[in-house]
Amino acid sequence: MFPYHDVREFISELDKQGQLKRISVEVDWNLELGAVMRKVLDTNGPAVMFENIKGYSSEFPFFSGTLGTYGRYALTLGLSPTVSVHEITKVYRQRVKTPIKPVLVDKKNAPCKENVLTGKEIDLFKFPTPLWHVRDGGRYIGTFHCVIAKDPDTGWVNVGIYRMVIHDKDHLGILFQPGRHAEAIYKKYEQRGQSMPIAISIGQDPINFIAAYGRFEAQVSEWDMAGALRTKPVELTKCETVDLEVPATAEIVIEGEVPPFERREEGPFGEYTGYYGGTRAPRPFVNVTCITHRNNPINTGLLEGKPIQENNILASVENTAAVEDLLMDRLNLGVKAVFDHPWSGVHGVMVSLKPRYPGHVQRIAHAIWGSEVGYHLDYIFAVDEDIDPTNLNEVLWAICTRCKPDRDIHIYRREQASSLWPCLRPDEREAGIGSRALIDATFPAEWPREWVPVVSDWLDFPEEIRKRVESRWQELGF
């Protein structure tokens with residue numbers, strides 16, 4: 001079935017793979033749906049289709065858990081759900097090297113235009129939207145979606161993911177983090193005293209969401225990257241009230257404008273870090289000018305919060321692939337393996353290598369932090385090539401036995417940071433200023449061989465002894 005024409009085909013594939021749970025009994029959008037998904041994610045459960053949301057007809061279902069496991073992420077790329085995370089990132093890296101431009105579909109052939117709502121017909125509450133967490137500042141309809149905006153200077157279209165809350169029937173609150181692409185674009189409109197046209201697509205081939213999350217440089221088209229990942233062009237169609245294009249097979253499309261300098265209270269929200277992020281504060285908002293949707297539209301969303309949840313899996317794959325591409329393909333810095341562990345909450349990455357010279361590890365850290373992907377990676381853990389970066393036990397062992405604190409822990413102050421990083425003070429969050437750390441758990445490159453301690457493990461035994469023990473394993477009673 002890959003590539004998927006829309007989210008409905010992907011859901012069908014999950015059903016075939018035994019990775020979908022349909023819930024037909026009534027579930028309340030007010031916290032109960034979020035609690036169900038918290039339990040599902042904590043038990044490594046399947047994706048979930050809620051078919052009976054309190055206060056809504058069965059014509060308005062809700063789908064969640066799309067990327068809750070590495071296996072389901074693999075399925076979005078058309079891979080077997082049993083492949084390793086290394087194989088997933090390898091395919092990701094290979095595909096994004098060949099961007100494929102989108103194609104334009106006439107409105108009359110675009111399923112997202114089956115229903116067009118304007119004026120008094122606009123009602124964001126028409127679609128079942130959860131109150132995910134107890135302390136959330138409202139019902140967030142924008143959690144598994146694509147936000148589309150155009151640079152007024154270059155015409156470059158950015159597709160990103162920025163949380164969106166329903167203020168009322170025709171207004172959405174939005175969080176633009178300092179340093180992110182949409183914030184830079186919005187500032188250009190504000191400087192002109194103009195409203196920023198915006199479009200939001202909800203319910204689509206999940207590869208669109210994956211590409212929107214990707215840490216691509218400015219002026220790179222996420223639609224081109226989505227085409228690369230799905231090996232086929234994304235089909236776009238023109239909006240009704242703004243000069244933007246959206247996925248033709250999206251379930252729901254929201255069009256509008258973000259006025260300059262006007263603000264409404266937004267936040268907080270249970271975020272990907274595992275904490276509530278973005279305290280309640282005045283933030284930009286969207287004046288909704290049009291909503292289009294398919295018949296029987298499937299609203300989609302993801303529960304954020306304490307790892308491991310969908311955002312953590314998403315970040316793990318994409319950050320790992322991006323750092324590998326940077327260090328191994330583009331710069332050839334002698335790196336063996338990379339892994340952004342989902343429990344890092346996007347803020348840390350492990351790099352395995354054989355240091356070749358003094359300062360090699362620092363050079364790697366600066367290369368990461370100087371790239372687009374380094375925005376969130378506040379911690380870099382460097383380990384020797386005999387350490388598997390996907391094995392936290394081995395990484396912790398290396399840190400506690402090879403890292404000399406006064407020599408190998410490097411602190412860098414007044415660095416750009418995400419405003420959602422929980423350890424920042426409120427004033428630091430507002431300014432987007434934090435710090436970074438390199439924890440070097442490698443033996444120094446300049447040490448002579450005799451200084452490097454010899455590891456005492458299974459591989460230290462002679463090969464003939466290892467083979468003999470393996471051949472006698474059952475005889476020995478194991």
Side-chain angles (χ1 to χ4, degrees), residues 102 107 110 112-113 116-119 122-124 127 129 138-204 208-209 211-213 218-219 221-223 226 234 236-248 250-264 266-267 269 278 282-293 299-301:
K107 289 182 182 181
C112 70
K113 303 292 187 179
V116 179
L117 310 177
T118 58
I122 295 172
D123 185 0
L124 293 165
F127 310 102
T129 301
R139 296 167 69 177
Y140 278 78
I141 195 171
T143 57
F144 198 89
H145 62 315
C146 292
V147 177
I148 303 143
K150 183 185 294 185
D151 188 314
D153 291 334
T154 66
W156 165 59
V157 174
N158 171 243
V159 186
I161 302 165
Y162 310 97
R163 75 187 195 198
M164 308 191 81
V165 66
I166 300 176
H167 282 318
D168 53 44
K169 63 190 293 290
D170 56 0
H171 292 92
L172 287 170
I174 188 166
L175 173 65
F176 293 138
Q177 289 193 61
R180 306 313 292 152
H181 291 155
E183 190 233 13
I185 293 173
Y186 177 56
K187 282 184 174 179
K188 291 184 178 182
Y189 283 96
E190 281 199 318
Q191 289 168 359
R192 290 166 167 78
Q194 298 173 353
S195 293
M196 181 178 77
I198 197 170
I200 303 100
S201 61
I202 300 171
Q204 56 214 303
N208 293 345
F209 181 80
Y213 185 88
Q219 308 304 315
S221 166
E222 283 83 8
W223 293 137
V234 176
L236 301 178
T237 193
K238 289 185 176 296
C239 288
E240 300 294 310
T241 60
V242 293
D243 184 22
L244 294 168
E245 297 165 352
V246 292
E251 297 289 321
I252 303 165
V253 173
I254 302 170
E255 303 175 15
E257 294 183 335
V258 185
F261 305 111
E262 296 185 37
R263 303 290 187 265
R264 286 194 179 190
E266 187 272 347
F269 181 60
R283 296 193 174 95
F285 61 89
V286 181
N287 289 322
V288 178
T289 55
C290 181
I291 298 175
T292 72
H293 67 84
N299 195 6
T300 59

Does the side chain of [X] reach to within under 4.5 Å of the side chain of [Y], using non-hydrogen atoms?
X: Ser221; Y: Val157; answer: no
X: His145; Y: Ile161; answer: yes
X: Ile202; Y: Phe127; answer: no
X: Val286; Y: Ile254; answer: no
X: Leu236; Y: Pro247; answer: yes
X: Glu245; Y: Trp223; answer: no

Legend entry - Worked check of side chain to side chain contact (heavy atoms under 4.5 Å, CB included) between Ile148 and Ile198: CA-CA 6 Å; Ile148 303 143; Ile198 197 170; over 6 Å; no
For the student: nearest non-hydrogen atoms of [X] and [Y], plus distance:
X: Lys188; Y: Pro152; value: CB-CG, 3.7 Å
X: Thr143; Y: Gly301; value: OG1-CA, 3.2 Å
X: Thr129; Y: Arg139; value: O-NE, 2.8 Å
X: Gly256; Y: Val242; value: O-CG1, 3.5 Å
X: Leu244; Y: Ala199; value: CD1-N, 3.6 Å
X: Thr292; Y: Cys290; value: CG2-SG, 3.9 Å

Rounded to the nearest 0.5 Å, what separates atom [atom1] in [X] from atom [atom2] in [Y]?
X: Ile122; Y: Glu255; atom1: CD1; atom2: CD; answer: 9.0 Å
X: Ile252; Y: Cys112; atom1: CD1; atom2: SG; answer: 11.0 Å
X: Asn299; Y: Phe144; atom1: CG; atom2: CZ; answer: 11.5 Å
X: Ile200; Y: Leu172; atom1: CD1; atom2: CG; answer: 5.5 Å
X: Asn158; Y: Lys150; atom1: CG; atom2: NZ; answer: 13.0 Å
X: Cys146; Y: Tyr213; atom1: SG; atom2: OH; answer: 14.0 Å

Inset, instruction - For side chain to side chain contact (heavy atoms under 4.5 Å, CB included), just list the numbers for Lys107 and Lys238, CA-CA rounded to whole Å, side-chain angles, deciding distance to a tenth of an Å, and then say yes or no. - result: CA-CA 7 Å; Lys107 289 182 182 181; Lys238 289 185 176 296; 3.9 Å; yes
Inset, instruction - For atom NZ of Lys187, decide whether the heavy atoms of other residues, nucleotides or ligands shown that lie under 6.0 angstrom number more than 12. - result: no
Inset, instruction - Take atom CG of Asp153 as the centre, draw a 6.0 Å sphere, and report whether it contains more than 12 heavy atoms from other residues, nucleotides or ligands. - result: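 Check passes, neighbour count above 12.
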Legend entry - From CA spacing to verdict: side chain to side chain contact (heavy atoms under 4.5 Å, CB included), Val165, Phe269: CA-CA 9 Å; Val165 66; Phe269 181 60; over 6 Å; no
Legend entry - Donor-acceptor pair between Thr300 and Glu251 side chains, under 3.5 angstrom: no
Legend entry - All pairs passing salt bridge (Lys or Arg N to Asp or Glu O under 4.0 Å) where residues 157-168 contributes a residue, at least two apart: Arg163-Glu266, Arg163-Glu271, Asp168-Arg264
Legend entry - Residue among Glu257, Glu190, Glu262 satisfying side chain to side chain contact (heavy atoms under 4.5 Å, CB included) with Ser195: Glu257
Legend entry - Val253 and Glu240: CA distance, side-chain angles, deciding distance, side chain to side chain contact (heavy atoms under 4.5 Å, CB included) verdict: CA-CA 10 Å; Val253 173; Glu240 300 294 310; over 6 Å; no
Inset, instruction - Please state whether the rings of Phe176 and Tyr186 are parallel, tilted or perpendicular, taking 30° and 60° as the class boundaries. - result: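 If you compare the ring of Phe176 with that of Tyr186, the planes turn out tilted.
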